[in-house]
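For reference, the structure is listed below as structure tokens.
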There are 2 protein chains.
Amino acid sequence: MAQSLPSKDLTSSQLRILDAARNLFSEHGVGSTSLQMIADAVGVSKAAIYHQYKAKEDIVYAVGEQINMALAIMTSIALQEATLAKRREVLLNQIINLAVENRTIAGRLQQDPHFLKLFREEPPFVDVMAKLENTFIGNSPKPASRAVVAMLITGIAGAVMHPICDDLDNHALRLHLTKAANALIKLL
Amino acid sequence: MAQSLPSKDLTSSQLRILDAARNLFSEHGVGSTSLQMIADAVGVSKAAIYHQYKAKEDIVYAVGEQINMALAIMTSIALQEATLAKRREVLLNQIINLAVENRTIAGRLQQDPHFLKLFREEPPFVDVMAKLENTFIGNSPKPASRAVVAMLITGIAGAVMHPICDDLDNHALRLHLTKAANALIKLL
DNA sequence: GTCTATAGTAAGATAGAC
DNA sequence: GTCTATCTTACTATAGAC
């Protein structure tokens, strides 16, 4: 995920911490990941971590910001397209790409209570998610569309890390997810 | 979820513990839920909890068993149907019902690393999930079906707790999820 | 920026009384 | 079955030297 995420103004020390944290969070959950585990993964002491982020919550926030920024950029790129169909297509392709290239972490981070709290309560995160969802919904705010978009977004993140897909390579997974997602988009 | 879950041979004390634990796990994540929190929610001391379950891991396992048993029963009911289409329909309806009636916990428990470890590594759980998935897949083990089933299963659990669906009542949510799911099933 | 050392707290788990 | 009290361990976080 590291190379596909935008980096704001982060130092290389901070990037190494966030990379390690992201992987540990997805493997053990935020609540079961200690600063000691992050420090060990980076190869430094706990105090060195605290020098960069003065609380564990700040690391969670920073990891969330990376993902949020990626989603914001994808959405703004899609919104440059002229037609609704094209906006949906461009956004879908980018989301599927991001998820497939980060199979081991996409779904878990999306459903982790600590990240959910960010994406549901913190304005910068709520705004990005709303824009992303509305790009799919377009001008058809019928109730059915809400369920379809929810299933689309959580289904993509969940599917890429499902063990039943383990023997699909990235190319095949991308292809089949795109077909499945388009079947849902037709319902919007 | 309590009333819709099968109960094995559990005492009422154990049921109260598992109810509280399930809700706390889904709200905070397993890793961020302490035995003290469970004890407070039940209204007893930590020692009383330990009298029923000698480790936190045992509580996680028992909560997982409840869900696993519900899924196993649903699958076996569906498998009594004569045609593949009917088996899929019956299983889908039951899964959507279970998810919709447990909106606040379905998706989070499905993606929590502690439960994922059970459902991916412990034989009784792995078996139930495989049977459930194969009921959908039927006789078409093409690669595309794997991605579609993964999206179906994770998408339903994810959608019911997505904030975008908060203003849909259970009836509407069930209806729209069924339509969306059927669009995916057509691809199998 | 990184370390060692440590304070302070809360976790999981147990002992033994009632 | 439930309690109080306690043990041990691990956690978050900080202080201060290099």
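What you see is a predicted model, and the numbers here were worked out from it, not measured in a lab. Below, chains carry the letters A, B, ... as their sequence lines are ordered, and counting in each starts from 1.
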- prompt: Taking the nucleotide of DNA chain D with the closest heavy atom to each, which residue, A:M37 or B:R16, is nearer the 5' end?
  reply: B:R16

- request: Start with the C-alpha gap between B:S32 and A:H114, add the side-chain angles, then the distance that decides, and say whether side-chain hydrogen bond (donor to acceptor under 3.5 Å, both in side chains) holds.
  value: CA-CA 9 Å; B:S32 292; A:H114 295 82; 3.2 Å; yes

- prompt: Can you tell me how far C1' of D:dC11 sits from CD of A:E57, to the nearest Å?
  reply: 16 Å

message: Does B:E122 have more than 12 heavy atoms from other residues, nucleotides or ligands lying within 6.0 Å of its CD?
response: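 Yes, enclosed.
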
- request: Look at atom CD of A:Q36 and say whether more than 12 heavy atoms of other residues, nucleotides or ligands are closer to it than 6.0 Å.
  value: yes

field: Sugar-phosphate only, base, or nothing, as touched by B:T33 at under 4.0 Å among non-hydrogen atoms
entry: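 B:T33: backbone/sugar contact only, no base atoms under 4.0 Å.
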
- prompt: Within the side chain of B:T75, is there an N or O that forms a donor-acceptor pair under 3.5 Å with the backbone of B:K131?
  reply: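 Side chain of B:T75 to backbone of B:K131: no pair is present.
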
message: For the backbone of A:A172 and the side chain of A:H176, can you confirm whether one donor and one acceptor N or O come within less than 3.5 Å of each other?
response: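 Between the backbone of A:A172 and the side chain of A:H176 there is a qualifying donor-acceptor contact (under 3.5 Å).
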
task: In plain terms, say whether B:R22 and B:D19 are close enough for a salt bridge, that is, a side-chain N and a carboxylate O under 4.0 Å apart.
output: yes

query: Can you give the first and last nucleotides of DNA chain C, 5' to 3', that have an atom under 4.0 Å from a heavy atom of chain A?
result: C:dG1 to C:dT4

message: Are A:V148 and A:F136 packed together at the side-chain level, in the sense that at least one heavy-atom pair is separated by less than 4.5 angstrom?
response: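 Side-chain contact under 4.5 Å: no.
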
field: Set of salt bridge (charged side-chain N to carboxylate O under 4.0 Å, His left out) partners for A:K86, sequence neighbours left out
entry: A:E89

query: Got a sec? Which of residues 45-53 of chain B come in under 4.0 Å of DNA chain C, heavy atoms?
result: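 The stretch gives B:K46, B:A47, B:Y50 as the residues lying under 4.0 Å from the strand, ordered by number.
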
